[in-house]
Amino acid sequence: MNINIEGYGMQNFDDSMIAIAIAKELDKEAAKAYCAVQVGDKVQGLAYQPQDGETLKFLTFADDGGAHAFRHSSSHIMAQAIQHLFPDTKFGIGPAIKDGFYYDLDSEHIFTEEDLAAIEQEMKKIIKANYKFERAEVDRSEALKYFADKDEIYKVDLIEHLPEDAVITFYTQGDFVDLCAGPHLLSTGSVKAFKLMSLAGAYWRGDSDNKMLQRVYGTSFPNKEELDAYLFKLEEAKRRDHRKLGQELELFLLMDEGPGFPFFLPKGMVLRNQLENYWREEHAKWGYSEIKTPLILNRALWERSGHWDHYKNNMYFTQIDEGDYAVKPMNCPGCMLTYKAKPHSYKELPLRLAEMGIVHRHELSGVLHGLMRVRCFTQDDAHIFMTEEQIKEEIIGVTKMIDSFYSLFGFNYHVELSTRPAKAMGSEEIWHMAEAVLAEAMQEMSKEYVINEGDGAFYGPKLDFHLEDSLGRTWQCGTIQLDFQMPEKFDLSYIGADNQPHRPVMIHRVIFGSIERFIGILIEHYAGAFPLWLAPVQAKVLTITDRQNEYAAAVAAQLAQAGIRVELDDRSEKIGYKIRAAQTEKIPYMLVVGDKEAEDGTVALRKRAEGDLGVFATADVIKRLQEEIASKAQ
RNA sequence: GCUGGAAUAGCUCAGUUGGUAGAGCAGCUGAUUCGUAAUCAGCAGGUCGCGUGUUCAACUCACGUUUCCAGCUCCA
C-alpha cells in the first residue's frame, strides 16, 4: 500500500503493517517518541492499520494530539490503580486536560492526600507491567450489559447518551476495561513520569443539580525533566500569586468583615491611580467624555433594564423612604438615563460616554478569589451610541485602543467572537449583520479570532479579548458588545439629517475589564516588580551612616519636588541591610549616599534588576527617572 | 451554593495520648557608624477565627458558625 507520511513523502509498505511498524521502519529512534498518529483530521492510536492512499502524521508529546493520548492513557492507568485499591469505586469520566488529566469517582471512601501516594505506588506497578492498551469495538447492548452488570451507573449513563450510530469502543489494559473513544498509547510502560496533583469535587456531567463526585487530578510527561519543569512552573506561579504579593507589598487587603470587598492600601492606590490616570488621558485622546452615575438607583429603572427580572440573584437591594432600590451591578442603565436626558442630533454621533463604574454583584461565596473575583469592582466602562453605518469604524477604533493598552504592559492576547445564543432577543437578520460587522472589523485589522458559536449575550454578539500573562495563562479582560436591546428598552433616539427620530446602535466596552482584576493580573505578570511608571515607590534614598542623614533628606526632597515617589531609609543599619529591604520591596531605584556623595552633591545609583550603576549628579538621576517614567517603559 | 481541606503574634510557621502557648522575621529601645541582598543585645507582642457542648481541665475532642484554600458550577 502507498502511504503519504508527513516529513517523508509517499512511501510503499506491506498491507498488514500498523502505524508503529511503519514508524519504526522509517526511523527507529524517532518512533520511540511517538504517542499517536494523525490520519486526515482524526487522531488514532499507533496500532492503527492504515489504508492505501492515506496521509499519516506521527504525533509526539509536543503535539496536542500526542499529549492528549498520553494523558488520557495516564488517566486510565490511575483508574486501574484505584480499582485495585478501592474496588467499590464507580467511575465517571477520565479525560486528558490542558496540563494533565483527571478521573471522576463515586465512592463511599473519601479520598485523601495519603491515598494519592498509595495510588501512585500502584500506578508504578501498572506502568512496570507494561500492559497493552487493547481496543475493541463493542455492540451497544453488549456494552450496556457489561457495565450494568458491574453496576457502573455512570458508564451506563454515558452509553445511553451516545448517538444511535456511535461506534462504541472499549479499551482494555490488563484487568481494567473502560468505555473510551481513545486513542491511547501502545502500552502503560510509556508513561515515564507522572504525579497525582490534587483532589476536588466535581458535579456529574458538570451540572450542579447532579451528584458531586470526587475528582483526582494528575499530570504526566514522557520524562522526569519535563515533569520537573512543569512543577517548577507551578511553584513560580505560586510565588507570583497576587494574594501573596498583595500582602507582602502592602497593596490591598481582604478582611473577614467584607468577603469579596477588597481594601486598597496606600501603595495599591498609587498603582490604581496610575492606571486610572493613564486611562483618562487615553480616553480624552480617543474622543470619550467621562461621566459618573449613582451607585444606587430605584426599582423602576432596574425593571426597565431587565435586571430586576434576570439578574436579581446577583444584586444587592436596599430601601429608601419605603421605596425599593438596588445597588448597581452594571453601569449601562445609568448611562442610558444620561443619554436620554436631552435630545441628540446625528451630528453628535458617535457619542462615547466613559465611566469608571463601581459595581456590586453578589457572587457565590465559593468563587471569590483575591482581586480576580470579587463582589465589588470597578469597570472601565464606556457606552458608544452611533448609527449603524458607524459600527465598523467604532469597533476598529476600540480594538486599536485595546491593542495599545495591552501592548503597553507587554501582554499578548487573542480575540474571540461570540455569536447568537439560543435565547437571543432581536431578529436573526440584525444578528447576522452585527456578527458580520464584528468579523469584518477583525479582518480589516488582520486580527486572528476564534468563533464561539452561540456564546453571545442575549442582547447582542461580542468580541472578547483574552490576554496572556508572563506565565502563559490567559485572562478575559476586554470586551466589545453590540447591544440592540438597551436602546430599544430605553427608547433612545437621535434626530437624523432627515429631521426624523432614529434608534441609535450601542456598544458596551471595557478595556481593563475590572480595575481590580487587572491589578491582580499585573501583580502576577510583573511578579510585583512593576515598571517605574507604576511602581508605588519609585526610588529610595539609603544612607551609609548617620552623617549623611541631612544630605539624604535633601536628595529625597529634591526627587519628591520633581514628582518622583521617593522614600528615605536613614535607619542606623548597614547598607547591605537597607539594600536587601529595598530589593524585597521591589523598589526600582536605590540612591545610596555616603560621605563622598554628600561632599560632591551626587548619588550612587542602584537599579533593582541590574545592581550598582555608579555615581551620578542628583539632577541627572532625576532627569533619567523622569524620562523613564514618561516613556512608561517595561 | 456544592465537595474536600485549613484557621495559633503584623508575617511565615512549631506546639508531642487534653494539663490555659513557642521560634524566626517585622516592630520598639539601646549599642554600633559600617560602601551595594540580613550587626549585636534587650523589650514588647496571642480570649490559639467565633459560639455551644463534653471534661476536674480544651489550642488539642464533638457539634454549629464565619472566613480562607483547592476544585466544581458561575464570571469582569
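All chains are named by letter (A, B, ...) in the order of the sequence lines, taking the proteins before the strands, and each is independently numbered beginning at 1. Owing to the predicted nature of the structure, the values given are computational and were not obtained by experimental measurement.
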The contact string for nucleotides 6-12 of chain B, one letter per nucleotide 5' to 3', using protein heavy atoms under 4.0 Å with B, S and - for base, sugar-phosphate only and none, comes out as -----SS
request  = Evaluate side chain to side chain donor-acceptor pair (under 3.5 Å) for A/Thr543 paired with A/Asp570, printing each intermediate quantity in order.
outcome  = CA-CA 5 Å; A/Thr543 53; A/Asp570 60 1; over 6 Å; no
**Message:** Let's go through A/Glu236 and A/Arg240 carefully: what are the C-alpha distance in whole Å and the side-chain angles of both, what is the deciding distance for side-chain contact (heavy atoms from CB on, under 4.5 Å) to 0.1 Å, and is it a yes or a no?
**Reply:** CA-CA 6 Å; A/Glu236 178 64 14; A/Arg240 289 169 176 247; 2.9 Å; yes
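B/C40 and B/U12 have their C1' atoms separated by 24 Å, with the value rounded to a whole Å. Nucleotides B/U8 and B/G15 have their P atoms positioned 13 Å apart, rounded to a whole Å. Nucleotides B/U66 and B/U73 place their C1' atoms 23 Å apart, quoted to the nearest Å. Rounded to the nearest Å, the gap between the P atom of B/C74 and that of B/U17 is 46 Å. Nucleotides B/A44 and B/U39 place their P atoms 24 Å apart, quoted to the nearest Å. Across the P atoms, B/A26 and B/G18 are found 37 Å apart, a figure rounded to whole Å.
Between the OH atom of A/Tyr102 and the P atom of B/G71 there is a distance of 14 Å, rounded to whole Å. Taking atom CG of A/Asp106 as the reference point, atom C1' of B/G4 lies 15 Å away to the nearest angstrom. Counting to the nearest Å, the P atom of B/C2 and the CD atom of A/Glu363 are 16 Å from each other. In this structure, the CZ atom of A/Phe252 is 12 Å from the P atom of B/C68, given to the nearest Å. Rounded to a whole Å, the CZ atom of A/Arg571 is 10 Å from the C1' atom of B/A26. The distance between atom CG of A/Asp207 and atom P of B/G1, rounded to the nearest whole Å, is 19 Å.
In terms of polar N and O atoms assigned as donor or acceptor, the side chain of A/Gln214 never comes within less than 3.5 Å of the base of B/G71 in a complementary pairing. A donor N or O paired with an acceptor N or O is not found under 3.5 Å between the base of B/U66 and the side-chain atoms of A/Asp256. No N or O donor and acceptor, one from the side chain of A/Arg205 and one from the base of B/C72, sit under 3.5 Å apart. A donor and an acceptor atom never sit less than 3.5 Å apart when one is taken from the side chain of A/Arg215 and the other from the base of B/C72.
Every salt bridge (Lys or Arg N to Asp or Glu O under 4.0 Å) that A/Glu282 has, sequence neighbours left out, goes to A/Lys285. Contacts of A/Phe221 classified as ring-ring contact (aromatic ring centres under 6.0 Å, His included), with partners at least two apart in sequence or in another chain: A/Phe61, A/Tyr230.
Under the 4.0 Å criterion applied to side-chain N and carboxylate O atoms, A/Lys462 and A/Glu416 are not assigned as salt-bridge partners.
Among B/A37, B/G1, B/G35, the nucleotide with an atom closest to any side-chain atom of A/Arg580 is B/A37. Side-chain proximity of A/Arg361 to B/G71, B/U39, B/A76: nearest is B/A76. Residue A/Ser365 has its side chain nearest to B/G1 when only B/G1, B/U33, B/U36 are considered. Here B/U36 is the nucleotide among B/U39, B/A76, B/U36 with the atom lying nearest to any side-chain atom of A/Ile579. For A/Val367, taking side-chain heavy atoms from C-beta onward, the closest of the listed nucleotides B/G35, B/A37, B/C74 is B/C74. Candidate nucleotides B/G1, B/A76, B/U32 were compared by shortest atom distance to the side chain of A/Arg373, and B/A76 ranks first. The listed nucleotides are B/G1, B/A70, B/C2; the one nearest the side chain of A/Arg243 is B/A70. Ranking B/U39, B/A70, B/G35 by closeness to the A/His369 side chain, first place goes to B/A70. Candidate nucleotides B/U33, B/A37, B/U36 were compared by shortest atom distance to the side chain of A/Ala604, and B/U36 ranks first. Of the candidates B/C34, B/C75, B/U36, B/U36 carries the atom nearest the A/Val592 side chain, counting heavy atoms from C-beta on.
Stacking annotation: A/Tyr217 is not stacked on the base of B/G71 (requires ring centroids less than 5.5 angstrom apart and an interplanar angle below 30 degrees).
For the pair A/Arg71 and A/Phe101, the cation-pi criterion (under 6.0 Å, within 45° of the ring axis) is not fulfilled.
A/Leu364 comes within 4.0 angstrom of a base, heavy atoms only. Within 4.0 Å (heavy atoms only), A/Lys578 reaches no atom of the nucleic acid at all.
Position along RNA chain B of the nearest nucleotide to A/Arg606 versus A/Glu516 favours A/Arg606 as the more 5'-ward residue.
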